[in-house]
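Just follow the structure's listing: the first ligand is 1, and inside any ligand the first atom is 1. What you see below is based on every heavy atom in this structure, not just the backbone, and it leaves out hydrogens, waters and symmetry mates.
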Amino acid sequence: MKTLEDFNFEMKKALIRVDFNVPLDEDFNVTDTNRIEAAKPSIIKVLEDGGSAVLMSHLGRPKGERNPDFSLEHICKTVSEVIGVQVKFVNDCVGEVAEQAVANLQAGEVLLLENLRFHSSETIGDATFAVQLSKLGDIYINDAFGTAHRAHASTTVVAKYFGENKCFGYLLAKEIESIEKVMQTGEKPVLAILGGAKVSSKITIIENILDKVDHLIIGGGMTYTFVKAQGGEVGDSICEDDKMPLALDILKQAKEKGVQVHIPVDVLAADDFSNDANTQVVDVDKIPDGWQGLDAGPRTLENFKEVILKSKTILWNGPVGVFEMENFAKGTIGVGNFIDESTQGGAFSLVGGGDSVAAVKQFGFQDKVSYVSTGGGAMLESLEGKTLPGIAAILG
Ligand SMILES: Nc1ncnc2c1ncn2[C@@H]1O[C@H](COP(=O)(O)OP(=O)(O)O)[C@@H](O)[C@H]1O
Ligand SMILES: O=C(OP(=O)(O)O)[C@H](O)COP(=O)(O)O
């Protein structure tokens with residue numbers, strides 16, 4: 001696996017694919033700089049070697065049209081502040097204007113190109129567009145983990161025009177290493193905590209993960225499909241009846257593979273999907289009609305605590321309750337606290353995929369776990385066992 005350490009960038013121009021698809025408020029201020037901070041080490045390495053950096057990214061989904069709302073110029077100031085270098089900006093990512101801006105770039109300087117997705121050629125992976133991009137650097141670095149599951153011109157196709165002169169950035173390498181720690185090399189016992197709303201969106205992950213883990217905690221909305229499939233009464237809880245046979249099959253597979261599955265035994269049930277609803281703690285398999293389970297109950301949290309504290313490698317994907325509502329956030333906060341404790345005791349903990357990161361940030365757990373992934377969809381696809389095209393392009 002070629003990384004930045006294999007190159008010296010002195011007098012070289014590095015074309016770096018970053019994922020600066022960051023959230024903006026209505027005044028176009030960046031509200032979360034995490035992805036920019038995560039790309040900083042690679043950029044600094046290039047500059048400290050005596051090279052220059054050409055940054056390319058998408059922002060949002062402008063669908064191949066030049067739309068000022070999605071201009072990367074909005075984030076240029078923030079990128080400068082985070083990196084500590086005055087970043088230059090050019091209002092296109094290919095063609096004469098971009099090539100000229102790159103030609104003018106001096107050692108130690110950073111140039112940010114305009115949104116790649118202002119060209120539809122980017123998302124369709126057009127080769128001519130990729131060739132145009134390839135003219136903008138001597139060495140190609142992919143550091144955009146969040147976009148590594150997209151086979152786009154800037155994430156995959158462009159790589160082949162750099163021959164041996166391509167590598168993983170520090171962030172992408174760290175993401176790959178974190179996934180490998182959970183899926184391959186992690187110290188046992190390995191635990192996966194899978195929550196979220198639906199079984200249907202996590203099937204492939206569960207099936208893939210059963211070969212890698214010793215313990216599996218199933219929480220959140222997924223719980224009720226498993227409970228009902230085993231004959232329990234789940235009241236009005238979210239439940240995918242058509243996935244009940246699959247839930248039973250997953251439990252059977254887990255047993256055959258020696259994976260211990262931990263499902264909630266009690267829940268905080270509500271008489272409405274609302275923060276102001278009446279609540280009661282009930283056994284998970286005896287939820288009355290008119291009530292729905294919205295959070296893990298106290299006995300469940302005790303069980304989860306025991307498993308989390310004895311695990312040495314922990315993957316957390318998906319909240320164990322409707323954490324967006326204060327009265328149903330206790331379970332998710334509890335799980336975060338147990339992971340914190342386990343991590344302090346030496347466990348490796350990885351959080352990623354979908355909305356999980358939002359929950360972790362909302363409750364301030366990002367500094368308490370070992371690693372928080374910068375990728376949502378990319379992490380989910382990695383956990384499904386897929387080789388991401390952006391990663392394959394560097395290896396190939
Ligand atoms: N018991 C529940 N009933 C309904 N929704 C739930 C329940 N527990 C968790 N959820 C919801 O699941 C959503 C996250 O699901 P999902 O997108 O699958 O997770 P992730 O994005 O972490 O992969 C959250 O919005 C949360 O409110
Ligand atoms: O933010 C991203 O994905 P994520 O929300 O799944 O983490 C990436 O920048 C990919 O964006 P895309 O899903 O528009 O290709």
Quiz prompt | Option with minimal heavy-atom separation from atom 10 (N) of ligand 1, where the choices are Gly376, Gly321, Gly352 | solution = Gly321
Practice problem: Could you tell me how the ring of Phe323 sits relative to the ring of Phe363: parallel (under 30°), tilted (30 to 60°) or perpendicular (over 60°)? | Solution: perpendicular
Quiz item: Are a donor atom and an acceptor atom from the side chains of His119 and Asp126 found within less than 3.5 Å of each other?
Solution: no
Exercise. Give a yes or no on whether Arg61 atom CZ has more than 12 heavy-atom contacts from other residues, nucleotides or ligands under 6.0 Å away.
Key: no
Exercise. Could you find the nearest protein heavy atom to atom 15 (O) of ligand 2 and give me its residue, atom name and distance?
Key: Arg150 NE, 2.6 Å
Quiz item: What protein heavy atom is closest to atom 6 (O) of ligand 2, reported as residue, atom name and distance in Å?
Solution: Gly377 N, 2.7 Å
Quiz item: Non-hydrogen atoms of His152 versus ligand 2: any pair closer than 4.0 Å?
Solution: no
Practice problem: Can you sort out which atoms of ligand 1 are near Asn317, meaning under 4.0 Å from one of its heavy atoms? | Solution: 23 (O)
Self-check item: Distance from atom 10 (C) of ligand 2 to nearest protein heavy atom, with residue and atom
Solution: Gly146 O, 3.6 Å
Quiz item: Is Ser356 in polar range of ligand 1, meaning some N or O pair under 3.5 Å apart?
Solution: yes
Quiz item: What atoms of ligand 1 come closer than 4.0 angstrom to any heavy atom of Gly318?
Solution: 22 (O)
Quiz item: Hey, is ligand 2 close enough to His58 that some N/O pair sits below 3.5 Å?
Solution: yes
Self-check item: Aromatic ring proximity, centroids under 6.0 angstrom, His262 and Phe304
Solution: no
Quiz item: Any Lys/Arg nitrogen of Glu65 or Arg117 sitting under 4.0 Å from an Asp/Glu carboxylate oxygen of the other?
Solution: no
Exercise. Please identify which atoms of ligand 2 are closer than 4.0 Å to at least one heavy atom of Asn21.
Key: 1 (O), 2 (C), 8 (C), 9 (O), 11 (O)
Quiz item: With only distance considered, is Gly293 within less than 3.5 Å of ligand 1 through an N or O on each side?
Solution: yes
Practice problem: Let me know which of Asp285, Val284, Leu294, Asp295 forms a side chain to side chain contact (heavy atoms under 4.5 Å, CB included) with Val267. | Solution: Val284
Quiz item: Would you say the side chains of Ser373 and Glu175 form a donor-acceptor pair under 3.5 Å?
Solution: yes
Quiz item: Does Lys166 make a cation-pi contact with Tyr140 (under 6.0 Å, within 45 degrees of the axis)?
Solution: no
Quiz item: So, Thr343 versus Ser349: side-chain donor-acceptor pair below 3.5 Å or not?
Solution: yes
Quiz item: Within less than 4.0 angstrom of ligand 1, does Phe328 place any heavy atom?
Solution: no
Quiz prompt | Worked check of salt bridge (Lys or Arg N to Asp or Glu O under 4.0 Å) between Glu240 and Lys198 | solution = CA-CA 8 Å; Glu240 294 169 282; Lys198 293 179 179 168; 5.6 Å; no
Quiz item: Would Asn104 and Gln100 count as having a side-chain donor-acceptor pair, cut-off 3.5 Å?
Solution: yes
Self-check item: Per-atom contact, atom 12 (P) of ligand 2, protein heavy atoms, under 4.0 angstrom
Solution: yes
Practice problem: Applying salt bridge (Lys or Arg N to Asp or Glu O under 4.0 Å), run through Asp214 and Lys188 and close with a yes or a no. | Solution: CA-CA 7 Å; Asp214 305 297; Lys188 284 171 161 287; 2.7 Å; yes
Practice problem: Using only heavy-atom distances, determine whether the side chains of Thr300 and Asp266 contain a donor-acceptor pair under 3.5 Å. | Solution: yes
Quiz prompt | Closest approach of any protein heavy atom to atom 5 (O) of ligand 2, naming residue and atom | solution = Arg35 NH2, 4.6 Å
Quiz item: Which option, Gly195, Ala359, Ala197, owns the non-hydrogen atom nearest atom 11 (C) of ligand 1?
Solution: Ala197
Quiz item: Taking N or O atoms only and a 3.5 Å limit, does Lys198 qualify as a polar contact for ligand 1?
Solution: no
Quiz item: So which heavy atom in the protein is nearest atom 25 (O) of ligand 1, and how far is it from that ligand atom?
Solution: Glu324 OE2, 2.5 Å
Quiz prompt | Arg117 near ligand 2 by a heavy-atom separation under 4.0 Å | solution = yes
Quiz item: Which of the atoms in ligand 1, numbered in the order shown and given with their element, are less than 4.0 Å from a heavy-atom of Lys202?
Solution: 18 (O), 19 (O), 20 (P), 23 (O)
Practice problem: Kindly determine whether Gln366 and Tyr371 satisfy side chain to side chain donor-acceptor pair (under 3.5 Å), including the steps that lead there. | Solution: CA-CA 8 Å; Gln366 66 270 36; Tyr371 191 67; over 6 Å; no
Quiz item: Looking only at side chains, do His152 and Arg17 share a donor and an acceptor under 3.5 Å apart?
Solution: no
Self-check item: Atoms in ligand 2 flagged as close to Arg61, the criterion being non-hydrogen separation under 4.0 Å
Solution: 12 (P), 13 (O), 14 (O)
Quiz item: Going by the atom numbers of ligand 1, which of them fall below 4.0 Å from some non-hydrogen atom of Tyr224?
Solution: 1 (N)
Quiz prompt | Those atoms of ligand 2 less than 4.0 Å from some heavy atom in Asp19 | solution = 8 (C), 9 (O)
Quiz item: Considering only heavy atoms of Ile238, which atoms of ligand 1 have at least one such atom less than 4.0 Å away?
Solution: 3 (N), 4 (C)
Quiz item: Can you list the atoms of ligand 2 that are under 4.0 Å from a heavy atom of Thr147?
Solution: 9 (O)
Quiz prompt | Nearest neighbour in protein (non-hydrogen) for atom 17 (O) of ligand 1 | solution = Asp355 OD2, 3.6 Å
Quiz item: More than 12 foreign heavy atoms under 6.0 Å from NZ of Lys174: is that the case here?
Solution: no
Quiz item: Short N/O distance, under 3.5 Å, between Gly375 and ligand 2?
Solution: no
Quiz item: Considering only heavy atoms, does Val322 approach ligand 1 within less than 4.0 Å through its side chain, its backbone, both, or neither?
Solution: both
Quiz prompt | Option from Leu380, Ile193, Val351 for which side chain to side chain contact (heavy atoms under 4.5 Å, CB included) with Asn317 holds | solution = Leu380
Quiz item: Should Met379 be listed as contacting ligand 2, given a heavy-atom distance under 4.0 Å as the test?
Solution: no
Practice problem: Say whether Gly221, considering both its backbone and side-chain N or O atoms, lies within less than 3.5 Å of an N or O atom on ligand 1. | Solution: yes
